[in-house]
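The block underneath contains the structure these notes are about, expressed in C-alpha cells.
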Amino acid sequence: MNIAVFASGRGTNFAAIIRAVKKGKIKAELRLLVCDNPAAKAISKAKRAGVRIALVKRQDYPGKKEFEAAILRYLEEEKIDLIVLAGFMRMLSPELVAEFRNKIINIHPALLPSFKGSSAIKDAFDYGVKVTGVTVHFVDENMDSGPIILQQAVGIKESDTLESLEKKIHKVEHKLYPQAIRLYVEGKLKIEGRKVVVSRH
Ligand code: GAR
C-alpha cells in the first residue's frame with residue numbers, strides 16, 4: 001500500500017509516521033509528501049527520510065481546481081492508496097474527497113465534534129474544558145466531520161498552561177496516528193454508516 005502524507009507545517013506527525021514505517025510497525029510505502037508551504041519543516045524531514053516531495057503552492061495556480069489537479073498528478077504517479085492529512089491546513093474539494101472516498105484520514109487535536117477548526121488546542125484551553133484529546137477520522141466533504149477511527153482523551157489540570165497542554169496533545173498524537181494508519185493498512189477498519197468498526201485481531 002502506498003501512502004502520501006499532506007502537511008503544511010512542522011511535520012512532527014509526519015516524523016512519527018516515518019519512524020513507524022521504518023520500524024516496520026506500518027507495513028506500507030511512504031511514497032510522497034504533499035506540502036503547500038515552502039517554509040514547512042516537514043520538507044527537510046522528507047528529504048532526510050528520502051520521501052519524494054510535491055511542493056504545490058496555491059498561489060502558483062489560477063484556481064483550486066488547477067491546484068488540486070497538480071496534486072492529483074503526483075498521487076497518480078506514485079499510485080497512492082491512502083492520503084494521510086497531518087496538519088494540512090486546507091480543505092480538500094468535494095471532488096478530491098470523492099476520488100479518494102474512505103481513503104483519506106485526518107488527525108485533529110481535540111475530541112470531535114468539539115472544537116473543530118485550526119486552533120482547537122487553544123479553543124479547548126480557553127473554553128475551560130477539563131478533558132480534551134485527539135481524534136483520528138476519515139475525511140468527508142465537511143470540515144473535521146467524517147467517521148471517527150480512534151480517539152484518546154487528555155486531561156487538563158489547573159496547573160496546565162497552553163504550552164504544557166500542547167505538549168501533552170502532541171505526545172498522544174504521535175502514538176495515536178501511527179496506530180490508526182496501521183489499522184487501516186492491515187484492513188482492520190470497516191465503515192458502517194457514520195461509525196467505524198475496528199477489528200482488533
Ligand atoms: C497537529 O496538532 C494536528 O492535529 C493539527 O495540526 C498539527 C500539525 O502538527 N491539525 C489540525 O488542527 C487540523 N484541523 P505537525 O505539523 O507537527 O504534525
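Counting starts at 1 for both ligands and their atoms, following the listed order. All heavy atoms count here, side chains included; hydrogens, waters and symmetry mates do not.
Per-residue contacts place G11 under 4.0 angstrom from the following atoms of ligand 1 (heavy atoms of the residue considered): 15 (P), 16 (O), 17 (O), 18 (O). Atoms of ligand 1 lying under 4.0 Å from at least one heavy atom of R10, given by number and element, are 16 (O), 17 (O). Near H170, meaning under 4.0 Å from any of its heavy atoms, are these atoms of ligand 1: 2 (O). Of all atoms in ligand 1, listed by their number and element, those nearer than 4.0 Å to a heavy atom of E173 are 1 (C), 2 (O), 3 (C), 4 (O).
Hydrophobic clustering keeps V131 apart from V154 (ILVMFWY residues linked when any side-chain heavy atoms are closer than 4.5 Å, directly or through intermediates). Grouping the Ile, Leu, Val, Met, Phe, Trp and Tyr side chains by contacts below 4.5 angstrom, directly or via other members, places F14 with L176. Residues L72 and Y74 fall within the same hydrophobic cluster, defined by Ile, Leu, Val, Met, Phe, Trp and Tyr side chains chained together at heavy-atom separations under 4.5 Å.
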Next item on the list: Using the side chain to side chain donor-acceptor pair (under 3.5 Å) rule, take E173 and N13 through it: C-alpha gap first, then chi angles, then the decisive distance, then the call.
Entry: CA-CA 7 Å; E173 286 190 323; N13 280 287; 3.2 Å; yes

Note to self: Run the side chain to side chain donor-acceptor pair (under 3.5 Å) test on T12 and H174 for me, step by step, so that the C-alpha distance in whole Å, both residues' side-chain angles and the decisive distance to 0.1 Å come before the verdict.
What the structure shows: CA-CA 8 Å; T12 63; H174 299 160; 2.9 Å; yes

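Residue contact check for ligand 1: A16 places no non-hydrogen atom closer than 4.0 Å to it.
Taking distance alone, with nitrogen or oxygen atoms compared against 3.5 Å, A86 stays at or beyond that limit from ligand 1. Polar contact with ligand 1: present for H108 (N/O pair, distance under 3.5 Å).
Atom 10 (N) of ligand 1 has I107 O, 3.7 Å as its closest protein atom, hydrogens excluded (heavy atom only). The protein heavy atom nearest to atom 17 (O) of ligand 1 is T12 OG1, 2.5 Å. When only non-hydrogen protein atoms are considered, atom 9 (O) of ligand 1 lies nearest to N13 ND2, 3.9 Å.
Taking each of P109, A120, G87 in turn, the one with a heavy atom nearest to atom 11 (C) of ligand 1 proves to be P109.
Only the side chain of M89 comes within 4.0 Å of ligand 1, counting heavy atoms alone; its backbone N, CA, C and O stay farther away.
No side-chain donor-acceptor contact under 3.5 Å links S8 and N37.
Electrostatic pairing of E141 and R101 counts as a salt bridge here, judged by a charged N lying under 4.0 Å from a carboxylate O.
Taking the centre and axis of the six-membered ring of F6, the NZ or CZ atom of R90 falls outside the cone set by 45° and 6.0 Å.
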